[in-house]
Student: 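Once you've had a glance at the structure underneath, I'll fire off some questions.
It should be emphasised that the depicted structure is a prediction, and the values quoted were computed from it without experimental measurement. We count ligands from 1, going down the list as the structure has it; atoms in each ligand are counted the same way.
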Amino acid sequence: MLELTDLKVHDESRQGEAYNPSTGKPLVLGKRFYIESYGCQMNFADSEIVASILNDSGFDATSYPEEADLILINTCSIREKAEQTVRNRLQTFREVKQDRPGMLVGVLGCMAERLKSKFLEEEKLVDIVVGPDAYRSLPGLIQEAESGQKAVNVLLSREETYADISPVRLDSNGVTAFVSIMRGCNNMCSFCVVPFTRGRERSRNADSIVEECTSLFNQGYREVTLLGQNVDSYYYYPDIPGNGPARPVTFAMLLERVADISPALRVRFSTSHPKDITDEVLYAICRHENICKYIHLPVQSGSTRILQLMNRTYTREWYQARIERIREIIPGCGISSDIIAGFCTETQEDHQDTLDLMKQSRYDMSYMFYYSERPGTLAARRYTDDVPLDIKKYRLDEIVKLQNRMSLDSNRQDIGTVCKVLIEGDSKKSARDWMGRNSQNKVVVFPKKDVSFNKGDYAIVKIKECTGATLIGEALAKEAIAEGSGDLKESIFS
Ligand code: SF4
């Protein structure tokens, strides 16, 4: 079960992940922070910004809450269960605090923004509440809290993009990294809490994005995912004093600039909105081998009537036309979606429309969930959540079963083909196998045997078999950066 937002991937395996790098810096203030993160990729990327701000003000990281002077929890508000998880964690931290009376507890992210100072009344243990646009004020808020006052900053900003802050990487594999290119969202999808918790949309300075991606590449990273709630509406006006009006940078232009860093750096992005994705972006993907042939295009529902209630601002026919255009311009492109079962007033006929649209779109995978009303959203104010839970669950089950069949079919079609795989690390099931992804974002596993690959290498793999979630193959060749030229060169195994 996944989350009700466009900004996925809401990776279940990362929920509650604690930040644990060794910064290598001496302890300036002799203090340690512990941070754990919940929710979407944007939250995990934000935790890296927070870690950077705290490092700069002398805090070192620990992966043990028991030895922390400051515990931070970066929260998600997207559904009730996510908020409950945070409340449960706070209970655990209450016990830790009893043993360390001077320790501070801070709540960050969407739940902080949604509840504001109410959080302090509801959870007496919390000392600091900080919204997603106010992380720069954390050092000051910590000082305030150290003096015994409760500290809150949940101001949303129209400008803040943290463009100048170099995130300290969570460093889960050293190969793939997320880079925020914008914040907030100007859409008002009626089920979504993001416009209220993350504010208006703003695009980050394009130069700072390219610099961050270049620096990641130089550190050995081989894939960047450009992150935003609605990346297709990225639009940045460079400020060049004395040079007159500068040419704005669109998302397609940004994609190409990042792709030009090196052919050995893969570029992905998340998330696209069907109303905004342009042919310009599709052609940019086509022109660059290293921009991955994969688009996550959330449909949410196959019924135009429900789409209108969701305020998605496109029809079923518009969406179908976008899918056809993707398939026409980028043959073989991987496509995935988000689907909500049982939105307000959804009938069996609407549900059938969703199943039909899924079949026509032939998604390789989808993030599927049933509707859960969130306080403060347009849907909560305007509509009645009137589809009974058992029907929501039944419809979701049908959607999941259909998607599982389509994912298996899609993977079966890859058997016998050859693809390029970026190796991310050992397979979860066996350290004797490598795991990576192809351009279409499908997970590929292949035996290490006696071939000398490393994490971050590109392998040319022939697909031999599959499950619904994984392609299983055998390495035929290796691609490495040729010395001098910076281009990728293939070596074929005899
Ligand atoms: S308002 Fe719509 S487009 Fe914006 S984050 Fe929410 S679901 Fe995505």
Student: Enumerate the atoms of ligand 1 whose separation from the nearest heavy atom of Pro195 is less than 4.0 angstrom.
Tutor: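 Close to Pro195: 1 (S).
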Student: Without hydrogens or angle criteria, can the side chains of Glu160 and Tyr162 be said to hold a donor-acceptor pair below 3.5 Å?
Tutor: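 Glu160 vs Tyr162: no donor-acceptor pair found between side chains.
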Student: May I ask you to identify, for Val194, whether its side chain, its backbone, both or neither come under 4.0 Å of ligand 1 on a heavy-atom basis?
Tutor: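 For Val194, only side-chain atoms sit under 4.0 Å from ligand 1.
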Student: Taking only heavy atoms of His273, which atoms of ligand 1 are found under 4.0 Å from at least one of them?
Tutor: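 Counting atoms of ligand 1 from 1, those under 4.0 Å from His273 are 3 (S).
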Student: Going by the rule side-chain contact (heavy atoms from CB on, under 4.5 Å), which residues pair with Pro331 if we only count those two or more places apart in sequence or in a different chain?
Tutor: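 Partners of Pro331 under the side-chain contact (heavy atoms from CB on, under 4.5 Å) test: none.
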Student: Whether the Ser47 and Ser37 side chains hold a donor-acceptor pair (N or O, under 3.5 Å, no angle test) is what I'd like checked.
Tutor: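 Indeed, the side chains of Ser47 and Ser37 share at least one donor-acceptor pair under 3.5 Å.
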Student: Tell me whether Ser361 contacts the main-chain N or O of Met358 through its side chain, where contact means a donor paired with an acceptor under 3.5 Å.
Tutor: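 Judged by distance alone, no pair lies under 3.5 Å.
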Student: Classify the contact between Pro298 and ligand 1 as side chain, backbone, both or neither, using a heavy-atom distance cut-off of under 4.0 Å.
Tutor: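 Neither part.
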Student: Give a yes/no answer: is there an N/O/S atom of Cys189 under 2.8 Å from atom 2 (Fe) of ligand 1?
Tutor: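 Yes - counting backbone and side chain alike, Cys189 has an N, O or S atom under 2.8 Å.
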Student: When you measure from the centre of the six-membered ring of Phe251, is the NZ or CZ of Arg257 closer than 6.0 Å and no more than 45° off the axis?
Tutor: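 Relative to the ring axis of Phe251, which defines the angle, Arg257 lies outside at least one limit.
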Student: Out of Pro274, Cys185, Cys192, indicate the one that has the non-hydrogen atom closest to atom 6 (Fe) of ligand 1.
Tutor: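 Shortest heavy-atom distance from atom 6 (Fe) of ligand 1: Cys192.
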Student: Can you measure from OG (Ser270) to CE (Met42) and round to the nearest 0.5 angstrom?
Tutor: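 Interatomic distance, Ser270 OG to Met42 CE, rounded to 0.5 Å: 9.5 Å.
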Student: Hey, which atoms in ligand 1 end up nearer than 4.0 Å to a heavy atom of Gln229?
Tutor: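 Counting atoms of ligand 1 from 1, those under 4.0 Å from Gln229 are 5 (S).
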